[in-house]
Amino acid sequence: MSILITGGAGYIGSHTVVELLKKNFEVIVVDDFSNSKHEVLNRIKKITGKSFTFYEETLLNKEGLENIFKENNIEAVIHFAGYKAVGESVEKPLKYYRNNIIGTITLMELMNEYAVKNMVFSSSATVYGMNNVVPFKETMPLSTTNPYGTTKMFIEQILQDQSIADKDWSTALLRYFNPIGAHESGLIGEDPSEVPNNLMPYLTQVAVGKRAKLSVFGDTYKTPDGTGVRDYIHVVDLAKGHIQALEKVLHSTGIEAYNLGTGKGTSVLDLVRTFEKENGVDIPYEIVEPRAGDIASSYADVSKAKEELNWETKLTIDDMVRDSWNWQKNNPNGYE
Ligand code: UD1
C-alpha cells in the first residue's frame with residue numbers, strides 16, 4: 001500500500017516525503033513542477049538513500065491522474081499541490097480557483113472511484129482571517145482576505161461536506177502557521193521562483209547578497225516592538241506533523257482540523273536579530289508601510305494537535321534560522 005503525495009516536489013511536500021521514506025512508507029509523488037524543480041527528487045534520494053515512484057502530472061488532467069490510481073495500490077493521499085502566492089491570487093483569481101479547487105475536486109472524484117478515502121490536506125492559518133483574537137483555535141469562525149486563502153477555506157468545506165456524505169472518508173485539515181527552516185543536510189529547502197513574498201526567503205536572499213535590504217512592513221502594530229508577530233514553525237517539525245496526521249486518518253474516520261504551529265509568537269525584528277546573531281551575518285533593513293491584508297499577530301493554540309495527534313514541535317527559532325541560512329548559503333540559486 002502506498003501514500004500518494006500531490007505537490008511532493010514543493011517546499012513542505014519534499015520535507016514530508018523525506019520523513020515518510022524514513023518511516024518506510026511506500027511513496028508516490030505527483031507534481032507538475034509549476035513551482036518546483038526536478039532536482040529536488042535527486043536530493044530526496046540522496047538524503048534518504050531510498051527510492052519512490054514519481055509522476056509529472058497536473059491534477060487538472062483527470063485521465064493522467066487516473067493512471068496513477070490504476071497503476072498503484074493507494075491507501076491515502078497527502079494533498080499539497082496548489083498555487084500559493086497571495087498577491088498573484090488577487091490579480092488572477094480564476095487561475096487560483098481553477099487550479100486549487102478543480103484540481104482538488106478531480107482528485108477527490110478519483111479517490112471515491114478507487115475507494116481511497118484517507119486524506120491529509122494542506123490548509124493554512126490564513127483561514128483565521130482578520131477578526132479572530134490570538135491564540136487561534138480550530139473552533140474559531142473562518143474568513144479570508146484574498147482568493148488564495150479562500151481556496152483553502154473552500155477546500156476545507158468541500159472535504160467537510162464529503163465526509164458528511166460518506167462516513168468512510170477520514171480527513172485531517174492541517175492549518176499551517178509560518179513554515180521556515182530547511183532540512184539539516186542543506187540539500188532541500190524553500191526555492192521561490194519569483195521575488196519572495198514571505199519573510200524568511202526574502203531575508204536569506206538579502207543575507208546571500210541577492211537583494212540589497214529587507215523591507216519591514218510596518219512598526220506600529222499593537223505588538224511588543226510594533227512589527228508583525230507570527231508563529232514560525234520549522235518545516236521538519238511540520239513534516240513530522242503530517243506523519244502523525246496520516247497515522248490518525250488511517251486508523252479512524254471523520255474530519256478534524258489541526259493547527260500546526262509552535263504556539264509562540266516572534267516579531268519580524270526578533271527574527272531578523274536572531275538570524276544575525278546565530279549566523280553572524282548582517283541584515284540591512286528599513287521600515288516601510290504595512291502590507292495590505294496583514295494582521296498584527298498570528299499564533300496557534302496547539303493543544304488539539306498535541307492531544308489528538310500526539311505531536312508537538314521540538315525545533316527552536318535558533319534551529320530555524322540556522323537551517324534556513326545553511327540551505328541558502330549552500331544553494332545561492334536554489335536548485336538551479
Ligand atoms: C503569508 C500570507 C498567507 C500565507 C502564508 C504562507 C499574506 C498577507 N499572507 O502569511 O496567506 O498562508 O504567507 O505562505 O501574504 N514581512 C516583512 N517583510 C517582508 C515579508 C514579510 O516585514 O518582506 C512581515 C509581514 O508583514 C509579517 C511577517 O513578516 O508580519 C511574516 O510575513 P510572511 O512571511 O509573508 O507570512 P504571513 O504574512 O504571515
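Counting convention: from 1, in listed order, for ligands and their atoms alike. Only heavy atoms go into these numbers, but all of them, side chains included; no hydrogens, no water, no symmetry mates.
In this view, Glu75 satisfies the salt bridge (charged side-chain N to carboxylate O under 4.0 Å, His left out) rule with no residue, not counting sequence neighbours.
No side-chain donor from either of Asp318 and Thr316 sits under 3.5 Å from a side-chain acceptor of the other. Side-chain polar atoms of Tyr299 and Asn178 form no donor-acceptor pair below 3.5 angstrom.
The aromatic ring centres of Tyr335 and Trp327 sit less than 6.0 Å apart.
Summarising the local packing, CG of Asn310 is surrounded by 12 or fewer heavy atoms from other residues, nucleotides or ligands at distances under 6.0 Å.
Phe33 and His38 have parallel rings, their planes meeting at less than 30° on a 0 to 90° scale where 60° marks the start of perpendicular.
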List ligand 1's nitrogen or oxygen atoms that come under 3.5 Å of a protein nitrogen or oxygen, with the partner atom and distance.
| residue | atom | partner | partner atom | Å |
| --- | --- | --- | --- | --- |
| ligand 1 | 11 (O) | Thr126 | OG1 | 3.1 |
| ligand 1 | 12 (O) | Ser124 | OG | 3.0 |
| ligand 1 | 12 (O) | Tyr148 | OH | 3.3 |
| ligand 1 | 13 (O) | Asn198 | ND2 | 2.8 |
| ligand 1 | 18 (N) | Ser215 | O | 2.7 |
| ligand 1 | 22 (O) | Ser215 | O | 3.4 |
| ligand 1 | 22 (O) | Phe217 | N | 2.9 |
| ligand 1 | 26 (O) | Asp294 | OD2 | 2.6 |
| ligand 1 | 34 (O) | Asn198 | ND2 | 3.4 |
| ligand 1 | 34 (O) | Leu199 | N | 2.8 |
| ligand 1 | 35 (O) | Asn198 | ND2 | 3.0 |
| ligand 1 | 35 (O) | Arg291 | NH1 | 3.4 |
| ligand 1 | 35 (O) | Arg291 | NH2 | 2.8 |
| ligand 1 | 36 (O) | Asn178 | ND2 | 3.1 |
| ligand 1 | 38 (O) | Arg291 | NH2 | 2.8 |
| ligand 1 | 39 (O) | Asn178 | ND2 | 2.9 |
| ligand 1 | 39 (O) | Arg230 | NE | 2.6 |

